Amino acid sequence: MESKIELSSADAVKTFPAFPVVLVAMGDEERNVFTVGLVQAFSFNPLILGIGVHPSRHSFKLLQNLADFSVNIPGKELVEQVLYCGTKSGRDTDKFKETGLTAVTGKKIKSPVIGECLVNFECKKSKVIEMGDRTWFCGEVVNIEAAKDYARDKGMLYWGGEFRMPGEVFRRR
Ligand SMILES: Cc1cc2nc3c(=O)[nH]c(=O)nc-3n(C[C@H](O)[C@H](O)[C@H](O)COP(=O)(O)O)c2cc1C
């Protein structure tokens, strides 16, 4: 067995290989979009997605007051928009206008989905869980649309300051 080193929690969290990165859009009259790496499926049937949000985000306040939001999977070509939405706040900027991302009216929710993304999940907020420095907004998925040519390896991954694409399949179950 290899000898081990001790890590701080700040360094240890960076040892995860990567997580999917998504764009979360919300709002009816006041719309916003922001980048989220903390996204998780909490249940498969029904499908429930959760996003971990820091209270300092403008989106946090919006999500508290809204009944729904959308989770959208961007492809590699949207990396600049993903960075923009993850570094600028909707408090000061209209991120849809600045990035050119298209807010498409949701089919079953009031919040928009993002036209350019590969997959759009429309979520109705079902549970809010405060945990440590993040609050998880969980939503039951009520409508899903995907690009016809969507494939799992077209979604972007992020962690520790690096954007990646999924790698090789080296074993099947
Ligand atoms: C790749 C990436 C992933 C991010 N993941 C999260 C996340 O999971 N949760 C979060 O609260 N903020 C996350 N952020 C930061 C927010 O997207 C960022 O603070 C954004 O400007 C907030 O926008 P808002 O103020 O309009 O809500 C991430 C940023 C980047 C670039």
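The first residue in the sequence is number 1, and the count goes up from there. All values reported here derive from a predicted model rather than from experimental measurement. Atoms within each ligand, like the ligands themselves, are counted from 1 in listed order.
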Using a strict 4.0 Å threshold on nitrogen-to-oxygen distance, state whether Glu140 and Lys125 make a salt bridge. no
Do Asp149 and Lys154 sit within salt-bridge range, that is, some charged N less than 4.0 Å from a carboxylate O? yes
Just jot down the ligand 1 atoms closer than 4.0 angstrom to any heavy atom of [X], in number order.
{"X": "Cys85", "result": "17 (O), 20 (C), 21 (O)"}
{"X": "Gly37", "result": "3 (C), 4 (C), 5 (N), 6 (C), 7 (C), 8 (O)"}
{"X": "His58", "result": "24 (P), 25 (O), 26 (O), 27 (O)"}
{"X": "Val53", "result": "11 (O)"}
{"X": "Lys95", "result": "23 (O), 24 (P), 26 (O)"}
{"X": "Leu38", "result": "8 (O)"}
{"X": "Thr87", "result": "21 (O)"}
{"X": "Ser89", "result": "24 (P), 25 (O), 26 (O)"}

Can you report which non-hydrogen protein atom sits closest to [atom], along with the distance?
{"atom": "atom 21 (O) of ligand 1", "value": "Lys88 O, 2.9 Å"}
{"atom": "atom 27 (O) of ligand 1", "value": "Ser59 OG, 2.6 Å"}
{"atom": "atom 9 (N) of ligand 1", "value": "Gly52 O, 2.8 Å"}
{"atom": "atom 29 (C) of ligand 1", "value": "Gly86 O, 3.5 Å"}

Less than 3.5 Å between some nitrogen or oxygen of [X] and one of ligand 1, yes or no?
{"X": "Gly90", "answer": "yes"}
{"X": "Phe34", "answer": "no"}
{"X": "Phe163", "answer": "no"}

From the candidates Thr35, Leu83, Asn32, the one that places a heavy atom nearest atom 4 (C) of ligand 1: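 Ranked by closest heavy atom to atom 4 (C) of ligand 1, first place is Thr35.
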Name the option, out of Lys61, Arg57, Glu162, Arg134, that contains the heavy atom nearest to atom 12 (N) of ligand 1. Arg57
Below 4.0 Å from any atom of ligand 1, is there a heavy atom belonging to Ser56?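 No, Ser56 has no heavy atom closer than 4.0 Å to ligand 1.
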I'd like to know whether ligand 1 has Arg91 as a neighbour, heavy-atom separation below 4.0 Å. no
Under the side chain to side chain contact (heavy atoms under 4.5 Å, CB included) test against Phe121, which residue among Leu47, Val24, Val39, Asn72 passes? Leu47
Positive for side chain to side chain contact (heavy atoms under 4.5 Å, CB included) with Cys123, one of Asp68, Val71, Ile144: Val71
Donor-acceptor contact below 3.5 Å, side chain [X] vs main chain [Y]:
{"X": "Ser89", "Y": "Asp92", "result": "no"}
{"X": "Glu116", "Y": "Leu78", "result": "no"}
{"X": "Asn120", "Y": "Ile114", "result": "yes"}
{"X": "Thr35", "Y": "Gly86", "result": "yes"}
{"X": "Glu122", "Y": "Lys108", "result": "yes"}
{"X": "Lys14", "Y": "Trp159", "result": "no"}
{"X": "Lys95", "Y": "Cys85", "result": "yes"}

Would you say Phe69 and Phe96 are hydrophobically clustered, going by side-chain heavy atoms of ILVMFWY under 4.5 Å? no
